[in-house]
Structures are given as C-alpha cells and as structure tokens.
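The next block holds one structure in the form of structure tokens; read it before the comments.
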Amino acid sequence: MTLMMWLDNNLDVDFSTFVETFLWAGDAYAMIIDDDTGPLVTHEDPRECVTFHDPLRQSTLRAAAKFYSDPDEGRAYAVLMIAGSYYDDGLARTYTASMDGVGELSAEFDPESWSWDESSGGGDGAPLKHAFVPVVRLRNRRGMGEFEPHLPHMRRINRFTFQLSVIVMYQAYKQRAIVADVDDPDEEAQGQLAESFNADSLEDVLTSDPGSWFLLPSGAKVWESTQTDVQGLLKAIQDDQLALAAVARRPMGMFAPDNQSASGANFTREGLQFAVEDKQARLRRFLVDVFHLVFLTADDSDRAVKSDINVSFMPAERYTVTDKASATSQVSQKFPLRTILREIWQMTPTEIQQVEAEASGELLLLGEFEPTGAGQTPTVEA
C-alpha cells in the first residue's frame, strides 16, 4: 500500500523536485490533502508557503499558510492551516479565503476584498482527521541554499569569466596604424598621407578584407596590435575554482592529480560523502513526517506510528566488488548472511529478500535432483 501511495502521488518523479527545491532555496514544503481518491501529497513552492513553528521545538508546527492564484477562475486564494491544539475537539482545521483577480498579491492586506470559501467550511473552517498541520517543511542546513554561503567565490569566478570573454571578443578587432615620416601630424598631414594611397581618408587604407592590396609609400610601415596574454586571468579563475572546491568540500576531478593514491582519493571524497549523509538524514526525517500524515489522513492509525516508519537510502559510500568479496571472506564465519548482504554488499531489504528466496529455491531444487545416498560409500553384501 505504501508503494501504491508513492506511485499514486507521482513521488517517484516529484521527489527529485523536493530535493532540488530545498537545495537551491534552503526550504521545501509538502502539503498532504484529503482528496476524494485518497491522501494527496503536493510540492509547494517556498515563495508561496510559510510555516509557524514552536520556538522550543522547531519540528512542531503551530500553523501554516499557502497563497496561490488560479488564472482560469480569475481568483487568488489564501489557505490557513492551524494545529488541533487550539481547538476543544483536538482536530486541526483549514480555512480558505479568496478574492477576485490574479497575479501578485498586494503587500497591504485589505480584509474587504477577501471572502471565505463556503465550499471549504467558510469562516468555521474544515476540520481534518488528525491534530497536525498538514504541511511538512524540508529544511537545509542553516536554512540556506547549498551554495548560498559561497556566493562571493562564485561571483568572483563569474566576473573573471566575463572579463576574459570581453578581452577575447575585443581582440577579434585588431588595431592597425601606419608608421610614416610626417613632420606635421595634424589633419592636413593625415590628408596628404591618405592622398598618397589614393584614398579619401586613412580609415579606407587598411581594411579587413583578406583580398585587399596595399600600396604604401616608400618608408611607411604598418603596425598591428598583438594579442593580450590571458593566461593570468585563466590562472585566477582556476585558483578561485580551487578555493570554491575547498570551502564547499566538493571535489572537482580536474584538480585531482593523475598519480593520486587511493587514500588521497578517499580523503577527497570525504567532504562529498558527509554532505550526502547529511542530506539523507534530513530527507529521511522529512519522508517519515510525510507518511505519518498520509497514514493519518487515510485513517490508517495502525501504521501512523513514526517509530515504525522506516526510510532507507543507498549508502553514500560505495564499495567495489573486489572489496565486497574480500570483506565477505573475512567475516563469513562471524556474521549472519543478512548482515553481510546489508552492510558489505549494500543491498536493500527487497534485494535481501530476493536473494534469500532464490537461495531457498536453489537448495530445494538441488535436494529434489540429488540421488538417494549421495556422498555415501555403497556396501555390497556377500
């Protein structure tokens, strides 16, 4: 049933949207709606949703609000959700108000322009089946986007990259000059020099046409600007990228030496591994809270126990087949098979059950085809 809920809510695809949002925005929200077909899990944009938390226990939500507009109906909506601890019956409630018009909501609140949605309970609100606010917040570390602390480094890299692009673009148009022995470098002298080329002005003398011919007077020389050395800018960009990788602890393969040792490569991956483990812990708690509300909304109180909801991810550190086989041979007599499959071979619970089922079927198959008395020395009576 849990898998069906996961697929019915398109979480096999939309879950990546939750992850991407909380990585770039610092917060992502999931709303659990009691739909006619069952619990519905929706992804909410953090720019349209806000939550109010208990100051002593941030994981406890007191209220939440969502603002959105429907261009087809031409109305804007505001949904307020309040925890059941504020009501005598202990059930949470949702209040929905709407107003004419779409687009961005005004910064000033005008109560006269809003009206309660009677289809959602009106001013009395619509009670839920449980006491919790039907919103779960997924928060990144310090409530910031993943690269938000490193914006100064990224801006400097972008600025140097832009400057490099401008220099390369401008160097496509080289500067040219005619070096000649002219006593008076004023416009009259320049005109006389242009007449010697049978041209109206010096701008018509040297063109970029590859098929042009130049007839220069005796003693005149042509000067052309040379390319600017951009190696300094390239080195500055590379140094800033290296500094960004160091402070963000995100390894970049282009900085790893070809002759790096195995221990050095493992040390380089540690920062990325710790970051993945941190994100897995946050996502695990987020999914536990989401399915807790999903089960409560579906009136499945038996499974709506957070301690019984288990969310598993693939390990952040992956082992090679050689390492797995070597470790298995060393601990095969010390640990049970399920532990070896889980910890060393990094299999999921479903994969472990499949291995055990196939192993049992193989033993049964071998037992059926094994001849009677196999392995025993036959005896012959005189």
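Quantities reported herein were computed from a predicted structural model and do not represent experimental measurements.
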query = If you draw a 6.0 Å radius around CZ in F335, do more than 12 non-hydrogen atoms from other residues or ligands fall strictly inside?
reply =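 At most 12 heavy atoms, drawn from other residues, nucleotides or ligands, come within 6.0 Å of this atom.
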message = Please check if the number of heavy atoms outside Y87 that lie under 6.0 Å from its OH is greater than 12.
response =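 Yes.
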Any side-chain heavy-atom pair of [X] and [Y] under 4.5 Å:
{"X": "T297", "Y": "H130", "value": "yes"}
{"X": "S312", "Y": "T348", "value": "no"}
{"X": "R142", "Y": "P149", "value": "yes"}
{"X": "L138", "Y": "R285", "value": "no"}
{"X": "R338", "Y": "E356", "value": "yes"}
{"X": "Y68", "Y": "D45", "value": "no"}
{"X": "L164", "Y": "L234", "value": "yes"}

key: Stepwise side-chain contact (heavy atoms from CB on, under 4.5 Å) check, L244 with M154   = CA-CA 8 Å; L244 175 61; M154 300 175 67; 4.1 Å; yes
Could you tell me whether the side chain of [X] and the main chain of [Y] form a donor-acceptor pair under 3.5 Å?
{"X": "R62", "Y": "F52", "answer": "no"}
{"X": "E44", "Y": "V136", "answer": "no"}
{"X": "R75", "Y": "D70", "answer": "no"}
{"X": "N9", "Y": "V41", "answer": "yes"}

Taking atom [atom1] of [X] and atom [atom2] of [Y], what is their separation to the nearest 0.5 Å?
{"X": "I352", "Y": "I340", "atom1": "CD1", "atom2": "CD1", "answer": "11.0 Å"}
{"X": "D14", "Y": "H43", "atom1": "CG", "atom2": "NE2", "answer": "8.5 Å"}
{"X": "F15", "Y": "L283", "atom1": "CZ", "atom2": "CG", "answer": "4.5 Å"}
{"X": "L40", "Y": "I32", "atom1": "CG", "atom2": "CD1", "answer": "9.5 Å"}
{"X": "D54", "Y": "Q58", "atom1": "CG", "atom2": "CD", "answer": "8.0 Å"}
{"X": "L287", "Y": "L11", "atom1": "CG", "atom2": "CG", "answer": "8.0 Å"}

Identify the heavy atoms of [X] and [Y] that sit nearest to each other, and give their distance.
{"X": "H292", "Y": "A304", "result": "CD2-O, 3.3 Å"}
{"X": "G122", "Y": "Y95", "result": "O-CD2, 4.2 Å"}
{"X": "E351", "Y": "M347", "result": "OE1-CA, 3.3 Å"}
{"X": "M314", "Y": "Q280", "result": "O-NE2, 3.0 Å"}
{"X": "A298", "Y": "P39", "result": "CB-CG, 3.7 Å"}
{"X": "A92", "Y": "F132", "result": "CB-O, 3.5 Å"}

query = I157 pairs by side chain to side chain contact (heavy atoms under 4.5 Å, CB included) with which of Q238, Q241, H150?
reply =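 For I157, the side chain to side chain contact (heavy atoms under 4.5 Å, CB included) test succeeds with only one of Q238, Q241, H150, which is Q241.
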Would a hydrophobic clustering, with Ile, Leu, Val, Met, Phe, Trp and Tyr connected at side-chain separations under 4.5 Å, put [X] with [Y]?
{"X": "M144", "Y": "L151", "result": "no"}
{"X": "Y77", "Y": "V135", "result": "yes"}
{"X": "F160", "Y": "I167", "result": "yes"}
{"X": "L341", "Y": "Y319", "result": "no"}
{"X": "I237", "Y": "V168", "result": "yes"}

ask   = Do Q330 and S326 get their side chains close enough for a donor-acceptor pair, meaning under 3.5 Å?
value =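 Note: Q330 and S326 side chains meet the donor-acceptor criterion.
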D278/R141 salt bridge by N-O under 4.0 Å criterion =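 A salt bridge is absent here (no side-chain N lies under 4.0 Å from a carboxylate O).
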message = Assess whether a salt bridge exists between E146 and K279, defined as any Lys/Arg side-chain N lying under 4.0 Å from an Asp/Glu carboxylate O.
response =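 A salt bridge is present here (some side-chain N lies under 4.0 Å from a carboxylate O).
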key: Which residues share a side chain to side chain contact (heavy atoms under 4.5 Å, CB included) with E20, sequence neighbours left out   =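 By the side chain to side chain contact (heavy atoms under 4.5 Å, CB included) rule, E20 matches no residue at all.
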request  = Carefully, step by step, assess I82 and R93 under the rule side-chain contact (heavy atoms from CB on, under 4.5 Å).
outcome  = CA-CA 6 Å; I82 302 178; R93 281 172 169 77; 5.6 Å; no
request  = Evaluate the ring planes of F291 and F295, with Trp represented by its six-membered ring, and classify them as parallel (under 30°), tilted (30 to 60°) or perpendicular (over 60°).
outcome  =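 It falls in the tilted class, 30° to 60°.
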query = Can you list the steps and then say if K129 with L296 is a side-chain contact (heavy atoms from CB on, under 4.5 Å)?
reply = CA-CA 7 Å; K129 298 178 181 179; L296 289 176; over 6 Å; no
task = In sequence, state the C-alpha distance, the side-chain angles, and the governing distance for F286 and F18, and then conclude on ring-ring contact (aromatic ring centres under 6.0 Å, His included).
result = CA-CA 10 Å; F286 168 74; F18 286 101; 5.5 Å; yes
inquiry  = Please evaluate residues L128 and L91 with respect to the criterion side-chain contact (heavy atoms from CB on, under 4.5 Å), reporting the C-alpha separation (whole Å), side-chain torsions for both, the decisive distance (0.1 Å), and the verdict.
reply    = CA-CA 6 Å; L128 303 180; L91 296 178; 5.8 Å; no
